[in-house]
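Structure first, then comments.
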2 protein chains.
Amino acid sequence: MYHVVFDCRGQACLSRTVVIQDNRERILNTVKVSLGDAVSAVEVEDSISLLEAVSRINELHIDAPCGGKGTCGKCKIKILNGEQSGPSEKEMEFLSDREKDHGYRLACLVDVVGDMDVLVDDLNDKSQILTSHHGFTGDLNPLIHKKYLRLPQPSLDDQRDDLSRILESIPLNNAVVSLPLRKKIPNLLQEAEYAVTAVYSSDTLISVEPGNTESSNYGIAIDIGTTTVAAYLLDIKTGKIIDTVSGLNSQKNFGADVISRIEFSMQGPEKLKMLQDKIVSQIGNMCISLEVKSGISKNSIYSIILAGNTTMLHLVFGIDPSGIALAPFIPGFLQAMNISSTELGNFPLDCIIYSLPSISGYVGADIVAGILATRMHERKELSLLIDIGTNGEIVFGNREQLYACSTAAGPAFEGAHISCGIGGINGAVDSAVIEDDVIRYTTIGDTDAVGICGSGIIDIVAALLKSGIVDFTGRIQDADEVEKESTASLLKKLKVDGNGSAIVIEKAAKSGTGDDVVFTQKDIREVQLAKAAISAGIATLINKAGRDLNEIENVFIAGGFGSYISKKSAGVIGLIPAELLDRTESVGNTAGLGAMTCALSSLSEENFRDCGKITSLTEYIELSTDSFFNMKYMEDMVFPKY
Amino acid sequence: MYHVVFDCRGQACLSRTVVIQDNRERILNTVKVSLGDAVSAVEVEDSISLLEAVSRINELHIDAPCGGKGTCGKCKIKILNGEQSGPSEKEMEFLSDREKDHGYRLACLVDVVGDMDVLVDDLNDKSQILTSHHGFTGDLNPLIHKKYLRLPQPSLDDQRDDLSRILESIPLNNAVVSLPLRKKIPNLLQEAEYAVTAVYSSDTLISVEPGNTESSNYGIAIDIGTTTVAAYLLDIKTGKIIDTVSGLNSQKNFGADVISRIEFSMQGPEKLKMLQDKIVSQIGNMCISLEVKSGISKNSIYSIILAGNTTMLHLVFGIDPSGIALAPFIPGFLQAMNISSTELGNFPLDCIIYSLPSISGYVGADIVAGILATRMHERKELSLLIDIGTNGEIVFGNREQLYACSTAAGPAFEGAHISCGIGGINGAVDSAVIEDDVIRYTTIGDTDAVGICGSGIIDIVAALLKSGIVDFTGRIQDADEVEKESTASLLKKLKVDGNGSAIVIEKAAKSGTGDDVVFTQKDIREVQLAKAAISAGIATLINKAGRDLNEIENVFIAGGFGSYISKKSAGVIGLIPAELLDRTESVGNTAGLGAMTCALSSLSEENFRDCGKITSLTEYIELSTDSFFNMKYMEDMVFPKY
């Protein structure tokens, strides 16, 4: 029971809601949240966490990779005013002295017991999100057609009913026609004097509009990632991308990875509904943003094509994903779907929503879109597709047969289990080298370092390996263990010891946080686990196909991470086999591109059908029970010797 | 703006509703309506007609064939209490002295200006409605299937998603599955331990139920006639008709015929909505009646199949039928449809509603169902189907080609334009002969005569013709014009002269109304027009096909009227060509039977598809512009010479 009042700009504009709880009259607590210039507020009952309270404001995204369990320490929030218990010891571990001084707390560990004023740093919404891709090429023959019809006027010699008059002109005799559209047609035809534009797909009459509106035909392709969501507004008539918007997935305060989200949804149907509402509201807002940015009316947008991993698609449709979380990992559905947007409830566009099919619980429609975009399923030569997002999915094969697997490799490369790990936001260390016995790095936005993002993590590990500061087993050396004098001297400068050893990338005095930016021994172990999972996954698929590394002609690195990493560093740490580096290319957001291909290309209908063929062509390899994978995973835990 | 309170049993149980109208606070008028023991009430604003006020009570049906224009004189109602202006001269013409004395008025001509108590005679709801038919024969292979599935439990070797696990067992790989059902499946499978019953049609997974429910599979076939509605509850598993309910079409106070209903709907979208709500609410209530009577749960009823004329189907779906009323008579749609019952708004069953396709604006799905039921479209020999309901539709031909037309013949045979004409209610004269110079008749229910129904009308005209009281031109003779002494004497006894001459069938003293039951010269003219329309329609179709009367092997008389008329009398008055009487059979409610055939028979799917074939096979002949028809219509106005 809550009531949200937005944008009261700090004024006391709230009405107070009184509820009956346990037979007593209660006044709800008001939590006022400042973010930059905007102030929002929410009324909540007693004893829910501050994280949950803030999450109920749709526009607000707080990063909470652990899903509110108090284990990741990411959901820091500044409390300006309001009753609160002191932080627990557990919480203290996550807060720096400076943060403690300034009133920062972990939102998930604070219970709301009265009115509160809080401040959310707006770093979270400024991530660099990948919306670039190889781009669309090809003739146009989209999923949604428009045709201007000057229908013959009815007469006693032509008594066809209104609907047949339209359907026989498209021609689409057995089309599905919704009841609301059937109701609209008789008057519309008369008023438009039988000059109308039909909007239709291969089996459905979607709309009929008065006059000639052939030139306005738009669609939106959306890639729902666990971390980020990207939406592309497409001009179906020209094939051009009109505009793009993207943002962090608004579900991320319910967990950084799919498992945390599923676990949250398993707490009850209302939690599943909450996750669905979050993402539906987000993609609805993105559509409106695209409308506003482009000046194109939402009435000319007839289709949305969704790609995303299997769990994200369950959540957007409100279908229970719990089977995916536990062995034997059974999804509720994998098939392509198309529904009317009205079925999603309160959605700002009236259009058809298509979603691409998935391959398994952990190889989703985003990977199907990636296969489609790279055309691996049509190539004679062997290709390898590696999509390292929040999970790491790998596909291998050619037009005869494809193999796919999924590894839990992603989060480390997105900074989730790395002590100073962050997403690709301003101040993130995104590249690093050790040259002339000095560590040099760059940050996104050229600002003071606040943490390390995926490409920085790989560069740092590669640099530490190459310099000899870390050996092939992953251990940070002591100064007396290294032979080279200059290395020993650098090591002395960089190494600190606290709860285990760590390398200081930037000192507190020069960092953007007022704390040291470090890379710890534990962080190196996380990278070893993650890179071993990817490289063992690649090896397992190649082995399953009875093929050899040298036979591979293309390696496609997809996803945000893939676009920014140094291929050379990836080879140094053994993430990608060194033999393949010369035929490796970054292909950008193939999920988005695949979805666009379905909406737009000359073969769009065939493409949509191809997605079904791709799912049949692809054998899913379950790694958790694969003995070859497990052996290789252990082997690949060490770094290549350098 | 109104508020209905039911069943207050005469007590002052009404709450008064205050509305703001034209910026003034107003108390609505309360109209209390007694019908037998039941009292209903409705609150209405000023200045609507009493007919409209009473119509807003869903359970109440007042006969008003002219649609409230004050021209048919049928909507008589007794005013017990309440302010009223005196009846106009126009109204006086319709009221007998006895009726005036007892406070009867025409409801359509009384404006509500304050609270009123009124009494509705309950004759209206006691019509005999035809629900009998030739009956269903054949093996069962229904539109809706059920199959009990013991699905393999998921494992790491069988990671199929929940939905595929079901669809691959039916098998129905590309089935349509609604979003609500997709949401239900994951939990349902787990809770039912993978032992479930799938409910499906040829292309749609309709439901999934825990355990084995194969034995419960029911459907409802409904024939929506302009005058009557009949619903049949069918056991899909055994093919048995479990129960039947029927009633007068609750839209009838908006007009007796399709044109009056369409005209009413053209007064604005809210009027169309009102007509839709009436019939949707009525069929909903009929479904609930069937549930209650049979004890079968509505959850086991998965489909409703609708037949009806083109206008009735427009109205039930809320699709504007106005194009049907005016040349060139263009319907909004003719195609078969299937929708979820939820699309009709507040409907008590959650099922699929199928409607059969129509042929033209005036040859509807009821006729398609009739063709299907008589299998005319499969017969090598030539057949003739005559369905005389509120309209008169005729179909002629064989499996090579069918011709269909519609004539405005019906209303006279349903008593609409006949002075003492009534439907098949208690007290209706339903058969008559002149024997031994006496007119003898029977009535429905063996009660005192209150009017004449269709079969009585035909018998009376045939008897008058045979006796020589009426000559072949249709003129009631004067006593001095007939040769036979006894006829002249009978004529003197029966004939009265007022506004034109008339034959007294029963005198006021012995009638059930206290007024003479008469058959007027004008009534005979109405019969001549109606029977000429039918016989000229038959001749036109035969001529169009280049065939001859003698080639016809079957004549099927369908509909309520067809079941009760004397074939012999129909031959005497020339309604059916005398040559065909020996091969004429009454086939009952073929519309209902056709709809049932689609739900049940061994070929039900083929049958449903056949309906599409029937509409392609059938050429609609527009009679209004057919010169052959117009010539024949003039010729057939006279009776056969006797």
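Residue numbering restarts at 1 for every chain, and letters A, B, ... go by the order of the sequence lines.
Nearest heavy-atom pair, A:Gln159 versus B:Phe329, reported as atom, atom and distance to 0.1 Å: NE2-CD1, 3.7 Å. A pairwise comparison of heavy atoms in A:Ile330 and B:Asp158 identifies CD1-O, 3.9 Å as the closest pair. When all heavy atoms of A:Pro328 and B:Ser155 are compared, the closest pair comes out as CB-C, 3.3 Å. Smallest separation of non-hydrogen atoms from A:Phe333 and B:Asp161: CA-OD2, 3.2 Å. Between A:Ile319 and B:Pro186, the shortest heavy-atom contact is CG2-CG, 4.0 Å. Heavy-atom minimum distance, B:Glu343 versus A:Pro180: OE1-CD, 4.2 Å.
With chain B as partner, the option from A:Ala327, A:Gly318, A:Ala336 having the largest number of non-hydrogen pairs under 4.5 angstrom is A:Gly318. Of the residues considered (B:Glu622, B:Arg182, B:Arg165), B:Arg182 shows the highest number of contacts with chain A, using heavy-atom pairs under 4.5 Å.
In B:Glu168, the CD atom is crowded: over 12 heavy atoms of neighbouring residues, nucleotides or ligands sit closer than 6.0 Å. Counting non-hydrogen atoms of neighbouring residues, nucleotides and ligands closer than 6.0 angstrom, the CG atom of B:Asn346 reaches no more than 12 such neighbours.
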| task | Could you go through the side chain to side chain donor-acceptor pair (under 3.5 Å) check for A:Ser164 and B:Gln335 one step at a time? | result | CA-CA 8 Å; A:Ser164 296; B:Gln335 297 81 357; 2.8 Å; yes
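Rounded to the nearest 0.5 Å, atoms CG (A:Leu156) and CG (B:Asp626) are 11.5 Å apart. With rounding to the nearest 0.5 Å, the separation of CG in A:Leu179 from CG in B:Asn338 is 11.5 Å. Between B:Leu163 atom CG and A:Met337 atom CE the span is 9.0 Å, to the nearest 0.5 Å.
Only the side chain of B:Leu167 comes within contact range of chain A, judged by heavy atoms closer than 4.5 Å. Only the side chain of B:Gln276 comes within contact range of chain A, with heavy atoms under 4.5 Å apart. Interface residue A:Ile339: only side-chain heavy atoms are found under 4.5 Å from chain B.
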